[in-house]
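Okay, so here's the structure we're looking at.
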Protein chains: 2
Amino acid sequence: METKVSKKAASCPVETTLKVLSGRWKVLIIQFLLERPRRFGELSRCLGPVSARTLTKQLRELEEDGLILRKDFEQISPKVEYSVSELGKMAEPILLAMGVLGEALENRMEKSSRISKKTDAHG
Amino acid sequence: METKVSKKAASCPVETTLKVLSGRWKVLIIQFLLERPRRFGELSRCLGPVSARTLTKQLRELEEDGLILRKDFEQISPKVEYSVSELGKMAEPILLAMGVLGEALENRMEKSSRISKKTDAHG
DNA sequence: CTGAATCCTTTGTGATACTG
DNA sequence: CAGTATCACAAAGGATTCAG
């Protein structure tokens, strides 16, 4: 297995993924949904300061792009559950790789600055 | 006091990476620099419609975050070369995973629409 | 609880003109 | 060539309000 980005053909799929995952919360949404299916409110809580409007929008886009599934229980007291689709599960390697890089970055950040300023917390 | 860190702690590195790679061109910049070092103008050309201002800014941020290196040859006719750092090379798995997902997405896009056009035509 | 609709602020990025 | 400075605009996201 070559650890080498094939020279040109690879850039298009990357851009596609870029578009699909573009949005402040999408990657995090997938991250939490990879753990287990979650309801709207639950997601909202574990993501942190996301507005209902934005969360709804990004969930809809992720759904439309086939990464997540939305199940509406259609009860009087609304209950909707989101989960990752098979396609969405293919995002896990990305998340893992991002985690690896992220740790290296945090290590290095002992000396540098740019990101350390605003560490986003959950709740 | 037991600073009990839950499983959510795993999301922090991901968020760090998210911040660092956030920006319309950053991932693509790294992709092209992983192939080989490139000069400013060369990058500008292979990225596509990016303004000098934006490219400069994102390059500076990537440099500050330690992902890329900037070498100024300090000649009369300006020559600057960018390359990925050791840290930047750790982004390659992300790129590869994004490529894999991207291809799956493109496959699926035969049926769906959101991304298939350059700019979203929804609203 | 899970949204939709509206308004508003912030942020990102491009266009243009200019410099060493 | 490799930027910098300024302006302008669009898009993203938040706050608030309303609804089933």
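Letters A, B, ... are given to chains in the order of the sequence lines, protein chains preceding strands, and every chain is numbered from 1.
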Please report the distance, rounded to the nearest Å, between CZ in B:F40 and P in D:dC1. 11 Å
Under 4.0 Å, counting only non-hydrogen atoms across every strand here, what does B:F73 touch: a base, just sugar-phosphate, or nothing? nothing
Test side chain to side chain contact (heavy atoms under 4.5 Å, CB included), reference A:V14, set B:L96, B:L95, B:L101, output is B:L95
Round to a whole Å and report the spacing from NZ of A:K26 to C1' of D:dG13. 13 Å
If I take atom CZ in residue A:R38 and atom P in nucleotide C:dC1, what distance separates them, rounded to the nearest angstrom? 16 Å
Would you please confirm or rule out a distance under 4.0 Å between OP1 or OP2 of D:dG3 and any side-chain N or O of B:Y82? yes
For residues 69-79 of chain B, which residue pairs pass the side chain to side chain donor-acceptor pair (under 3.5 Å) check, not counting sequence neighbours? B:R70-B:Y82
From CG of A:L28 across to C1' of D:dA12 the rounded distance in Å is 16 Å
Spell out, as yes or no, whether a donor-acceptor pair under 3.5 Å connects the side chain of B:S44 to the backbone of B:F40. no
Using whole Å, report how far CD of B:E61 lies from P of C:dT11. 13 Å
B:L18 CG to C:dG12 P: how many Å, rounded? 13 Å
To the nearest 0.5 Å, tell me how far A:L21 CG sits from A:Q58 CD. 10.5 Å
Spacing between A:D72 atom CG and C:dT2 atom P, to the nearest angstrom: 10 Å
What residues form a side-chain contact (heavy atoms from CB on, under 4.5 Å) with A:E81, not counting sequence neighbours? A:P37, A:F73
Inspect the contact between B:E92 and B:K89 and indicate whether a charged nitrogen and a carboxylate oxygen are less than 4.0 angstrom apart. no
Please examine the side chains of A:L28 and B:L18, heavy atoms only from C-beta on, and report whether any two atoms are closer than 4.5 Å. yes
Between B:R60 and D:dT4, does any side-chain N or O lie under 4.0 Å from OP1 or OP2? yes
Nearest whole Å is fine: how far is D:dG3 P from B:R39 CZ? 10 Å
Treating primed atoms plus P, OP1 and OP2 as sugar-phosphate and everything else as base, which nucleotides of nucleotides 13-20 of chain C get B, S or - for protein heavy atoms under 4.0 Å? BBB----B
